[in-house]
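Every chain is numbered from 1, with letters handed out A, B, ... down the list of sequences.
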Amino acid sequence: MQEELSVKYDPSQVEDKWYAYWVENKYFHSEPDGREAYTIVIPPPNVTGVLHMGHMMNNTLQDVLIRRARMMGKNACWVPGTDHASIATEAKVVNKLASMGIKKRDLTREEFLKYAWEWKEEHGGIILKQLRRLGASCDWDRTAFTMDEVRSESVIKVFVDLYNKGLIYRGLRMVNWDPKAQTVLSTEEVVYRDEKSKLYYLRYYVADADVNPVKPTGEEGEVLHKDENGRYYAVVATTRPETIMGDTAMCINPKDPKNQWLRGHKVIVPLVGRVIPVIEDRYVDIEFGTGCLKVTPAHDVNDYNLGKIHNLETIDIFNPDGTISEAAGMYIGQDRMVVRKQISIDIEAAGLMEKIEDYDNKVGYSERNPDTAVEPRLCKQWFLSMKHFADIALPPVLEGKIKFHPAKYISTYRSWLENIQDWCISRQLWWGHRIPAYFLPAAEGEEERFVVAETPEEALKLAKQLPGCADVTADQLTRDEDALDTWFSSWLWPVSLFNGINDPGNKEIKYYYPTNDLVTGPDIIFFWVARMIMAGEEYINDVPFRNVYFTGIVRDKLGRKMSKQLGNSPDPIKLIEQYGADGVRLGILLCTSAGNDILFDESQVEQGRNFSNKIWNAFRLVKGWSVAECPQPEESRVAVDWFRAKLNATVEAVNHDFENFRINDAVMAVYKLFWDDFCAWYLEIVKPGFENGTQKPLDKATYDATIEFFDALLKMLHPVMPFITEELWQNLAERKAGETIMLQQMPKGGAFDQKTIDDFNVAVEAVVAIRALRQSKNISPKEALKLQVKGDMPAIAEPVVRKIANISSIEKVEGFAGGAGEAFMVGTLEFNVPLEGMIDVAAEIEKINAEIQRYEGFLKGVNAKLGNAKFVANAPAQVVELERKKLADATTKIENLKERLASLK
RNA sequence: GGGAGCAUAGCUCAGCUGGUUUAGAGCACCUGCCCUACAAGCAGGGGGUCAUAGGUUCGAAUCCUAUUACUCCCACCA
């Protein structure tokens with residue numbers, strides 16, 4: 001620290017220095033020992049990600065929790081790491097390659113992965129470096145990656161295990177297909193958005209020659225469509241006319257009176273000309289559109305189900321990239337969205353369009369490629385059967401073994417688990433964990449055969465055991481091309497970080513698991529939180545964490561989500577440079593409450609910076625004092641007693657807040673303790689005056705207490721503001737080499753007398769009243785005043801008022817005669833400041849009358865209560881007693897005021 | 001369509017099991033101050049029919065019902 005402390009705190013002078021110091025001394029590192037463990041695993045950010053405000057909030061919270069736990073004597077371990085994020089990262093690599101003129105499909109898997117790893121090495125982990133700027137006290141020696149050796153091995157082991165348990169299966173299903181990434185997605189990865197679209201009404205002519213209505217038209221509301229040539233047709237409403245090439249039936253509800261005439265007939269698909277049957281199924285909503293549904297089994301889940309029931313042909317008219325396939329017979333190779341426009345024109349031209357209406361519907365988009373509409377597609381994929389996992393994951397949350405903060409997410413969690421669908425875990429990607437399934441050669445049309453094993457050698461062994469496969473060779477086995485869903489590795493995170501899959505029951509997993517608190521967003525409650533609980537229960541037979549703190553979304557002050565497009569997302573590193581990491585941390589924490597979105601505004605960070613500066617200057621003040629052997633002034637003795645009580649009370653409140661994850665409240669409590677109580681009151685009271693231009697020394701008792709308080713305050717602030725607290729703590733007293741505030745014990749608080757705090761508040765109120773009086777009468781703070789008091793002033797209040805309000809004498813009186821002064825009340829205590837010739841009697845009378853009126857209004861309410869026999873009879877004695885006291889107090893006050901009014905007149 | 005949550009000062013939110021609350025905090029705002037820690041500061045001040053309408057109760061911001069607004073989640077109606 002510089003000899004001369006600057007007036008302004010400069011974070012850039014201290015942050016890097018202390019972070020390096022902490023890392024060098026391995027203060028963040030944890031090894032199992034005899035202490036109680038406190039563990040947090042980081043929600044692994046995307047390996048190629050860049051820090052944004054959401055990360056800042058999330059990781060600040062985690063750091064506060066971990067630093068506090070460390071100072072509470074726990075063996076705190078915060079494990080950092082990154083996620084391989086297969087879809088996002090693969091997309092980035094594909095784009096990069098494209099910019100180099102390389103197409104993914106021209107590369108072998110090995111070549112592609114080489115590029116991908118290069119990309120990862122180059123861009124990966126930036127985000128972890130950025131976290132250091134924030135002060136994150138992660139155990140960097142434990143940094144993990146979802147695709148590193150331990151984690152990969154865990155994933156493969158788990159896949160094989162679950163397959164062997166019969167929980168993983170391979171099946172032909174209607175799945176969600178992302179045509180841009182060209183992979184399937186799980187149902188959770190599809191986000192539905194409202195969209196303005198069109199409902200197209202298409203003519204499907206009746207194919208049989210003699211449709212001729214056997215019965216007369218108009219019977220029982222039947223709707224027959226007949227064109228100018230006398231030909232009959234049905235009308236189908238669809239939002240997706242481009243799928244007509246895949247139509248293999250038209251469906252009506254058997255109970256639909258208006259479409260009875262279509263029963264048993266055949267219709268012609270417009271443009272395509274294919275003749276398809278009219279089938280009947282109760283699934284069809286009679287009220288929707290015309291009650292006629294076109295059935296495209298290959299491209300709609302419901303249609304697929306209808307197809308299965310009614311044994312319909314399935315025509316897949318799309319290529320994997322969303323263009324029209326050969327099977328469609330027309331528009332081949334064109335994108336489906338282009339074809340939608342074109343086909344409506346062509347149908348119109350062919351006279352087959354009845355009408356087009358505006359229509360609001362929901363369209364599913366890929367979570368990772370938000371501008372790509374997801375296509376339902378029929379294909380063979382790997383699934384994890386979820387019923388079993390739902391069964392084991394629900395009880396710990398419902399029974400409170402895991403607590404959600406806020407608790408409202410329990411119901412979200414519950415309803416998801418109670419309606420769970422099987423998890424599609426395969427992805428048509430290369431960047432990820434390759435599925436350990438090996439296929440045997442099979443002739444065309446033959447049922448596929450495969451084995452699942454951790455290694456190719458193991459697979460070969462298994463394959464040879466299959467009937468008729470004794471001679472199979474290693475070359476004949478082909479490994480599944482697909483990779484696993486990224487979440488299939490993330491769900492193991494709290495277990496795999498401690499190698500609990502590969503080495504069950506090892507020392508670390510036993511020590512660190514279950515972890516304590518998880519800090520994450522509610523948007524991944526299904527993706528991640530729920531699945532970690534499943535994996536934890538399945539593999540360790542215990543919950544992965546005790547508490548889940550759900551953060552909100554960081555929005556700008558207008559409530560908009562932060563996004564690159566809007567440009568409303570500040571660069572966290574720039575903010576740190578501008579305001580200091582401590583300032584940014586405090587700013588974020590002040591507006592964070594569990595489950596609520598935070599509306600971020602730079603002014604909050606400014607508040608954080610200002611607070612840093614306040615701490616800095618308090619330090620400058622205290623360090624500037626000299627100490628001498630002299631008696632302790634009365635007001636200092638009182639202030640020490642009071643502040644100790646206040647400190648202890650706040651420690652208790654802060655502990656309570658943390659237990660309930662009310663972190664913003666805890667932070668605010670310490671903020672006020674420092675700024676309002678310590679700086680504005682305590683330091684002002686003990687601050688020595690000046691004599692002949694030099695500051696008087698401080699007595700030793702007061703000085704020691706002040707240093708003790710400052711030390712306690714810095715510790716309480718440290719989890720929130722690690723840098724400035726370390727800097728000042730190191731300079732507050734002599735420190736040995738290698739000491740750090742990080743590893744000090746958090747103040748434990750202790751018993752305190754509430755009366756001390758209450759009595760002090762009398763002084764505070766009196767001082768405030770006298771200051772207001774000075775201001776309104778334009779009396780300088782330097783001019784000493786006299787004070788009269790009627791009643792018994794608390795002993796500790798007197799010296800405080802004397803010093804802070806600059807009172808020369810306090811006189812106890814029976815009444816204020818003559819009215820030569822300004823009076824005020826604190827509780828029932830009456831004060832008067834005698835002011836010769838400075839009183840505006842008229843104004844004073846008005847003021848007193850207003851006061852009387854206020855108290856009388858108050859009395860009315862109290863009297864109404866006490867006058868109510870039912871109240872007196874039913875309310876608890878305590879409450880009635882309280883009302884009586886209110887009555888007595890208010891009555892006294894009014895009497896005093898009236899007395900005073902009289903004396904003025 | 002189903003479910004959940006929320007509605008308190010200009011803004012963001014506390015207010016837990018109804019009674020020391022004719023409602024609090026932080027920020028913002030207004031007024032006065034550069035008084036040897038700090039103008040990134042100090043001192044003082046104004047500001048709310050607790051969304052609306054009913055109900056329960058001796059007593060409601062707090063509990064119940066309905067309405068309105070917003071937010072979120074879930075769902076295969078083309």
Side-chain angles (χ1 to χ4, degrees), chain A residues 5 7-9 174 192 199 236-240 243 251 283-285 287-289 292-296 300-305 359 361-362 364 376 406 408-412 415-416 419 522-523 525-526 552-553 557 559 579 583 590-591 593 595-601 603-604 606-625 660 662 664-665 668-669 671-672 679-680 683-684 687 690 693-695 768 771-776 778 780-782 854 857-858 860-862 864-865 868-876 878-880 882-883 885-886 889:
Chain A
L5 293 181
V7 177
K8 299 232 186 307
Y9 169 60
M174 188 60 84
Y192 289 89
L199 196 57
V236 168
T238 180
T239 53
R240 304 206 58 188
T243 63
C251 190
Y283 161 74
V284 176
D285 181 349
E287 301 304 318
F288 189 91
C292 296
L293 172 75
K294 70 188 220 40
V295 184
T296 319
D300 185 279
V301 188
N302 304 302
D303 292 13
Y304 173 67
N305 292 333
Y359 185 68
N361 76 339
K362 294 215 180 226
K408 65 176 176 182
Y409 289 110
I410 295 172
S411 56
T412 309
S415 68
W416 184 70
N419 300 292
D523 50 328
I525 188 167
F526 309 139
I553 297 166
K557 64 176 167 181
Y579 297 101
L590 282 178
C591 55
S593 62
N596 285 339
D597 285 357
I598 80 162
L599 270 62
F600 178 82
D601 185 24
S603 71
Q604 288 149 347
E606 205 174 298
Q607 192 184 348
R609 178 203 56 183
N610 294 355
F611 186 47
S612 305
N613 205 46
K614 187 72 186 177
I615 302 169
W616 177 258
N617 277 295
F619 182 82
R620 285 178 61 220
L621 174 68
V622 171
K623 287 312 269 190
W625 288 339
N660 295 290
R662 304 184 58 136
N664 56 331
D665 287 346
M668 182 51 76
Y671 176 90
K672 287 203 274 194
C679 294
L683 289 180
E684 291 299 332
K687 184 155 74 173
F690 278 80
T694 53
Q695 193 164 35
V768 167
R771 279 171 177 164
L773 184 153
R774 282 178 188 276
Q775 188 151 335
S776 71
N778 210 8
S780 158
K782 286 176 180 164
R854 195 171 77 85
F858 179 71
K860 233 166 120 182
V862 176
K865 272 192 185 176
N868 184 334
K870 284 182 176 172
F871 169 73
V872 180
N874 294 332
Q878 233 180 328
V879 175
V880 177
L882 203 67
E883 290 302 315
K885 189 171 180 303
K886 277 190 198 168
D889 285 359

Closer than 4.0 Å, any side-chain N/O of A:N596 to the OP1 or OP2 of B:A14? yes
Length of the CD-C1' vector between A:Q878 and B:G19, whole Å: 10 Å
Tell me whether A:F690 and B:U36 count as stacked here, given that the ring centres must be under 5.5 Å apart and the planes must differ by less than 30 degrees. yes
Test A:C679 against A:K614 for side chain to side chain contact (heavy atoms under 4.5 Å, CB included), laying out the working first. CA-CA 9 Å; A:C679 294; A:K614 187 72 186 177; 3.7 Å; yes
Please confirm whether the shortest side-chain N or O distance from A:K614 to OP1 or OP2 of B:A37 is below 4.0 Å. no
With both distances under 3.5 angstrom, what nucleotide forms a Watson-Crick or G-U wobble pair with B:A78? none
Tell whether A:R609 reaches the base of B:A40 with its side chain through a donor-acceptor pair below 3.5 angstrom. yes
Which nucleotide, if any, forms a Watson-Crick or G-U wobble pair with B:C11, using both distances under 3.5 Å? B:G26
Scoring nucleotides 70-78 of chain B by protein non-hydrogen atoms under 4.0 Å (B base, S sugar-phosphate only, - none) yields ---SSBBBB
Can you confirm whether A:Y283 sits close enough to A:L293 that some side-chain heavy atom of one is under 4.5 Å from a side-chain heavy atom of the other? yes
Strictly by Watson-Crick or wobble contacts shorter than 3.5 Å, is anything paired with B:C42, and which nucleotide is it? B:G32
What does the list of N/O pairs under 3.5 Å between the protein and nucleotides 25-31 of chain B look like, with a distance for each?
{"residue": "B:A25", "atom": "O2'", "partner": "A:K672", "partner atom": "NZ", "Å": "3.1"}
{"residue": "B:G26", "atom": "O2'", "partner": "A:Q607", "partner atom": "NE2", "Å": "3.1"}

For A:K294 versus A:R240, what's the shortest heavy-atom pair and its separation? CE-O, 3.8 Å
Mapping A:N664 and A:R854 onto RNA chain B by nearest heavy atom, which one lands closer to the 5' end? A:N664
Side-chain heavy atoms of A:L5 within contact of A:W616, under 4.5 Å: yes
List the atom of A:G289, the atom of A:A237, and the distance in Å for their closest heavy-atom pair. CA-CB, 4.1 Å
Is there a Watson-Crick or G-U wobble partner for B:G5 with both distances under 3.5 Å, and which nucleotide is it? B:C70
Closest approach of A:V295 to A:C251 (non-hydrogen atoms, all atoms of both residues): CG2-CB, 3.7 Å
I need the CZ-P distance between A:R771 and B:C33, as an integer number of Å. 17 Å
Between B:G26 and B:U67, how far is it from one C1' atom to the other, in whole Å? 34 Å
For A:K687 and A:W625, work out which heavy atoms get closest and say how close. CA-CZ2, 3.9 Å
Please give the distance between the C1' atoms of B:A60 and B:U21 as a whole number of Å. 12 Å
Taking the P atom in each of B:G41 and B:A28, what is the distance between them to the nearest angstrom? 9 Å
Where the side chain of A:D597 meets the backbone of A:G552, is there a donor-acceptor pair that is under 3.5 Å apart? no
Rounded to the Å, how far apart are A:R620 CZ and B:A40 P? 14 Å
Please state how far atom NZ in A:K885 lies from atom C1' in B:U20, giving the value in whole angstrom units. 9 Å
Pair assignment for B:G48, Watson-Crick or G-U wobble, requiring both distances under 3.5 Å: none
Which part of the nucleic acid, if any, lies within contact of A:K8, taking any heavy atom under 4.0 Å across all strands shown: a base, the sugar-phosphate backbone alone, or nothing? base
Please measure how far the C1' atom in B:A25 lies from the corresponding atom in B:G47, and state the result in whole Å. 14 Å
Quick one, A:R620 and A:V7 - any side-chain contact, counting heavy atoms below 4.5 Å? yes
Take atom CG of A:D601 and atom P of B:C11, then tell me their distance rounded to the nearest Å. 14 Å
Who does B:G19 pair with, Watson-Crick or G-U, both distances under 3.5 Å? B:C58
Pick the P atom in B:C30 and in B:G55, then give their distance to the nearest Å. 44 Å
A:W416 vs A:I525, side chain to side chain contact (heavy atoms under 4.5 Å, CB included): CA-CA, chis, key distance, verdict: CA-CA 10 Å; A:W416 184 70; A:I525 188 167; over 6 Å; no
Between B:A61 and B:U22 - C1' atom distance, rounded Å: 13 Å
Output the rounded distance in Å from CG (A:D665) to C1' (B:U12). 13 Å
How is A:K860 classified with respect to the nucleic acid when contacts are heavy atoms under 4.0 Å: base, sugar-phosphate, or nothing? nothing
Where the side chain of A:N613 meets the backbone of A:Y9, is there a donor-acceptor pair that is under 3.5 Å apart? yes
Using whole Å, report how far CH2 of A:W625 lies from P of B:C38. 13 Å
Can you see which heavy atom on A:L590 is nearest to which on A:M668, and at what distance? CD2-CE, 3.6 Å
Rounded C1' spacing from B:C70 to B:A51 in Å: 11 Å
Rounded off to whole Å, could you give me the CZ-to-C1' distance for the A:F858 and B:A23 pair? 13 Å
Among B:U12, B:G44, B:A39, the one nearest A:L599 by side-chain distance: B:U12
For nucleotides B:C58 and B:G1, find the distance between their P atoms and express it as a whole number of Å. 41 Å
If I compare all heavy atoms of A:Y671 with all of A:Q607, which pair ends up nearest, and what's the gap? OH-NE2, 3.3 Å
What nucleotide, of B:A14, B:U20, B:A37, holds the atom closest to the side chain of A:R662? B:A14
Just wondering, do A:L621 and A:L683 contact through their side chains at under 4.5 Å, heavy atoms? yes
N/O to N/O distances under 3.5 Å, protein versus nucleotides 56-61 of chain B:
{"residue": "B:C58", "atom": "O2'", "partner": "A:N868", "partner atom": "ND2", "Å": "2.7"}

